S.K.: 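Attaching a single structure in structure tokens format; questions to follow.
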Amino acid sequence: MRTAAPIASCSFLVERYDLDATLSCGQAFNWEKQPDGTWTGTVSGRWVRLRSAPGSVAAETAGPVAEWAWLEHYLQARVDLAAVHASFPADEPMRAAVAGCPGLRLLRQEPWECLASFILSSTKQIVQIRRIVRLLCERYGAPAPVPSGEAPGFGFPGPSVLAGLAEADLRACQMGFRARYLRETALAVEADAGLLDRIALLPTPEARAALTAFPGVGPKIADCVLLFAYGRQDAFPLDVWMIRALGDLYFPKRRAPLDRLRRFAATHFGPNAGFAQQYIFHHARRLAGRADSGAAAPTPRTTP
DNA sequence: TACCAGGAGAGCG
DNA sequence: CGCTCTCATGGT
């Protein structure tokens with residue numbers, strides 16, 4: 001028997017918010033674009049539909065809803081984007097990345113969903129990560145109440161649910177060798193209920209160390225969780241795309257060693273370095289024709 | 001068909 | 001340390 005509920009709606013007034021780019025750029029994986037251009041997904045286990053409009057983002061969920069702070073926080077709708085842009089270095093690559101997608105935002109996700117999702121991300125393409133996450137949610141997530149007439153939605157399964165599964169069940173969600181990492185991390189989080197909340201209170205280096213202590217979590221995935229869930233703007237995920245992009249954009253003469261790129265990333269981009277990272281990441285992927293939003297211009301780049 | 005994917009960990013010298 | 005190999009599976 002399906003849960004049906006009245007519809008509740010809200011509109012967040014926000015100057016520039018590129019919903020398509022923000023929801024498809026590889027920071028969150030549980031959103032699906034509908035044929036009518038809206039996006040559906042779940043936030044903290046609640047079904048949500050988002051619609052972009054000039055000067056606002058409109059939201060619907062299953063009512064009744066007393067307040068919308070949870071969604072405003074998730075969307076980071078009150079962030080002063082102009083101030084963030086103003087804090088970026090005034091160099092040409094940064095300018096081009098912002099100009100290419102001026103409404104790109106950072107979400108503020110739940111730590112567990114973000115951590116688990118990025119454990120699944122290692123050497124996987126974004127489209128594939130989305131598929132794995134969708135399978136996980138459909139099979140093991142709690143059904144979220146939806147307004148009548150809407151397709152069922154499922155929240156991201158909590159650590160206790162995933163910890164209780166056999167590795168084979170996880171592998172059946174197409175995640176391959178990451179199944180053991182996800183299961184063992186779920187067991188660790190399940191065994192210490194306050195762990196992810198305590199990490200939120202730690203200084204970034206200690207928080208990073210706590211995250212890399214989980215199996216399957218190295219420096220890159222830890223930085224993703226620090227940036228996308230814990231709001232640490234000083235976290236700067238260095239993945240294969242960013243290593244290529246930073247090399248091409250800032251060290252075009254000869255290939256800079258990884259450690260050089262690390263130091264550059266930590267010093268060049270200012271107090272909102274993680275935000276800058278997302279612009280450069282998205283811009284590089286769009287130039288390569290990998291980003292969903294907008295007309296992709298396939299520009300095969302070769303780095304000899 | 002090859003090569004690659006928002007990496008991490010183990011095993012080596 | 002720093003390097004290489006392996007891991008599972010689908011996209012391009």
Side-chain angles (χ1 to χ4, degrees), chain A residues 21-31 97 101 104 106-107 109 113-136 166-186 188 208-230 232 235-249 255 257-262 265 273-293 296-304:
Chain A
T22 302
L23 297 182
S24 70
C25 70
Q27 46 176 324
F29 305 97
N30 62 340
W31 291 97
C101 191
L104 180 63
L106 286 182
L107 302 169
Q109 303 175 54
E113 176 169 347
C114 187
L115 173 63
S117 297
F118 276 95
I119 285 175
L120 301 175
S121 77
S122 75
T123 36
K124 277 293 183 193
Q125 299 182 150
I126 290 176
V127 286
Q128 206 168 344
I129 303 164
R130 303 169 72 93
R131 180 164 304 117
I132 297 169
V133 168
R134 182 164 63 246
L135 277 173
L136 261 184
E167 188 180 319
D169 296 326
L170 294 173
R171 280 180 179 262
C173 296
Q174 322 297 328
M175 66 183 72
F177 62 85
R178 303 155 196 84
R180 187 166 54 84
Y181 295 149
L182 179 59
R183 191 176 123 76
E184 290 181 4
T185 297
R208 183 180 286 111
L211 289 169
T212 53
F214 291 118
V217 181
K220 187 269 170 182
I221 290 177
D223 279 341
C224 285
V225 178
L226 288 170
L227 181 61
F228 300 140
Y230 289 112
R232 307 302 172 94
F236 196 100
L238 266 181
D239 68 338
V240 289
W241 284 95
M242 285 303 299
I243 290 169
R244 277 201 295 260
L246 290 184
D248 291 351
L249 295 173
R255 206 158 62 88
L258 182 56
D259 190 59
R260 179 75 187 94
L261 295 181
R262 251 191 268 280
F275 225 122
Q277 183 271 359
Q278 199 58 18
Y279 279 92
I280 292 174
F281 175 81
H282 185 257
H283 193 59
R285 284 177 50 82
R286 177 182 281 192
L287 288 178
R290 294 307 191 89
D292 307 341
S293 60
T299 309
R301 65 173 49 256
T302 50
T303 311

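As a basis for the values below, the full set of heavy atoms in this structure was taken, side chains included, without hydrogen atoms, waters or symmetry mates. All figures in this text were calculated on a predicted structure; none of them were measured in a lab. Sequence lines set the chain letters: A, B, ... in the order given, protein chains first and strands last, and positions in each chain run from 1.
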S.K.: Whether R244(A) contacts dC4(B) is assessed here as follows: a side-chain N or O lying under 4.0 Å from the phosphate OP1 or OP2. Is that the case?
M.R.: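 It does not, given that no N or O in the side chain of R244(A) lies less than 4.0 Å from OP1 or OP2 of dC4(B).
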S.K.: Run the side-chain contact (heavy atoms from CB on, under 4.5 Å) check on V240(A) and T123(A) step by step: do they pass?
M.R.: CA-CA 9 Å; V240(A) 289; T123(A) 36; over 6 Å; no
S.K.: Among all residues two or more places apart in sequence or in another chain, which pass the salt bridge (Lys or Arg N to Asp or Glu O under 4.0 Å) test with R208(A)?
M.R.: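 For R208(A), the residues satisfying salt bridge (Lys or Arg N to Asp or Glu O under 4.0 Å) (neighbours in sequence not counted) are D223(A).
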S.K.: In whole Å, what separates the P atom of dC5(C) from that of dG6(B)?
M.R.: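 Roughly 23 Å separates the two P atoms.
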S.K.: Listed by chain and number, what are the side-chain hydrogen bond (donor to acceptor under 3.5 Å, both in side chains) partners of W31(A), not counting sequence neighbours?
M.R.: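 W31(A): side-chain hydrogen bond (donor to acceptor under 3.5 Å, both in side chains) contacts with Y74(A).
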S.K.: Residues in side chain to side chain contact (heavy atoms under 4.5 Å, CB included) with R260(A), at least two apart?
M.R.: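 In terms of side chain to side chain contact (heavy atoms under 4.5 Å, CB included), with neighbours along the sequence ignored, R260(A) is linked to F251(A), A256(A), P257(A), R263(A), F264(A).
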S.K.: Starting at atom CG of D239(A), determine the distance to atom C1' of dC4(B), rounded to an integer number of angstrom.
M.R.: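 Whole-Å distance recorded here is 13 Å.
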S.K.: Is G216(A) touching bases, backbone alone, or none of the nucleic acid, heavy atoms closer than 4.0 Å?
M.R.: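 Sugar-phosphate: the residue G216(A), judged by heavy atoms under 4.0 Å, touches backbone atoms but no base.
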S.K.: Q278(A): which residues meet the side-chain hydrogen bond (donor to acceptor under 3.5 Å, both in side chains) condition with it, sequence neighbours left out?
M.R.: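 So Q278(A) forms no side-chain hydrogen bond (donor to acceptor under 3.5 Å, both in side chains) with any residue.
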S.K.: When you check every protein heavy atom under 4.0 Å of nucleotides 7-12 of chain C, what one-letter string (B, S, -) results, 5' to 3'?
M.R.: BBBSS-
S.K.: Any idea how F275(A) and Y279(A) line up, ring-wise: parallel (<30°), tilted (30 to 60°), or perpendicular (>60°)?
M.R.: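 F275(A) and Y279(A): parallel rings.
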S.K.: Between atom CD in Q27(A) and atom C1' in dG6(B), what is the gap in whole Å?
M.R.: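 Interatomic distance, CD of Q27(A) to C1' of dG6(B): 12 Å.
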S.K.: Measure all distances between protein nitrogen or oxygen atoms and nitrogen or oxygen atoms of nucleotides 11-13 of chain B, and list the pairs falling under 3.5 Å.
M.R.:
none

S.K.: With P as the reference atom in both, quote the distance from dG9(B) to dG10(C) in angstrom, rounded to an integer.
M.R.: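 Nearest-Å result for dG9(B) against dG10(C) at atom P: 24 Å.
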S.K.: Please report, rounded to the nearest Å, how far the C1' atom of dA8(B) is from the CD1 atom of I119(A).
M.R.: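 Checked: the CD1 to C1' distance equals 11 Å.
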S.K.: Nearest whole Å is fine: how far is dG6(B) P from L258(A) CG?
M.R.: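 About 18 Å, once rounded to whole Å.
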S.K.: What distance, rounded to whole Å, do you find between the two P atoms, one in dG7(B) and one in dT12(C)?
M.R.: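 To the nearest whole Å, 16 Å.
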S.K.: For P237(A) and P215(A), take the nucleotide of DNA chain B holding the closest heavy atom to each; which residue's nucleotide lies nearer the 5' end?
M.R.: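 In this pair, the answer is P237(A).
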S.K.: Could you tell me how far dT6(C) sits from dC4(B) if I compare only their C1' atoms? Round to whole Å.
M.R.: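 To the nearest whole Å, 16 Å.
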S.K.: Specify the separation, in whole Å, of atom CD of Q278(A) and atom P of dG6(B).
M.R.: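 Rounded to the whole Å, the gap is 13 Å.
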S.K.: Partners of A209(A) by side chain to side chain contact (heavy atoms under 4.5 Å, CB included), sequence neighbours excluded?
M.R.: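 Listed in chain order: nothing, the list is empty.
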S.K.: Taking any heavy-atom pair under 4.0 Å as a contact, classify F214(A): base, sugar-phosphate, or nothing.
M.R.: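 Sugar-phosphate only.
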S.K.: Taking CG from L106(A) and P from dG6(B), how many angstroms apart are they, rounded to a whole number?
M.R.: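 The answer, rounded to whole Å, is 18 Å.
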S.K.: Between R180(A) (CZ) and dG7(B) (C1'), how many Å, whole number?
M.R.: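 Answer to the nearest Å: 14 Å.
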S.K.: Over how many whole Å does the gap from I126(A) atom CD1 to dG7(B) atom P extend?
M.R.: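 For the pair I126(A) CD1 and dG7(B) P, the rounded distance is 9 Å.
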S.K.: Backbone N or O of L107(A) within a donor-acceptor pair of the Q27(A) side chain at under 3.5 Å?
M.R.: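 Yes; at least one donor-acceptor contact below 3.5 Å.
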S.K.: Applying salt bridge (Lys or Arg N to Asp or Glu O under 4.0 Å) as the test, list every pair that has at least one member in residues 171-184 of chain A; sequence neighbours left out.
M.R.: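 Applying salt bridge (Lys or Arg N to Asp or Glu O under 4.0 Å) to every pair that reaches into residues 171-184 of chain A, excluding sequence neighbours, yields E167(A)-R171(A), R180(A)-E184(A).
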S.K.: Just jot down the side-chain hydrogen bond (donor to acceptor under 3.5 Å, both in side chains) partners of D239(A), sequence neighbours excluded, or say none.
M.R.: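 Listed in chain order: nothing, the list is empty.
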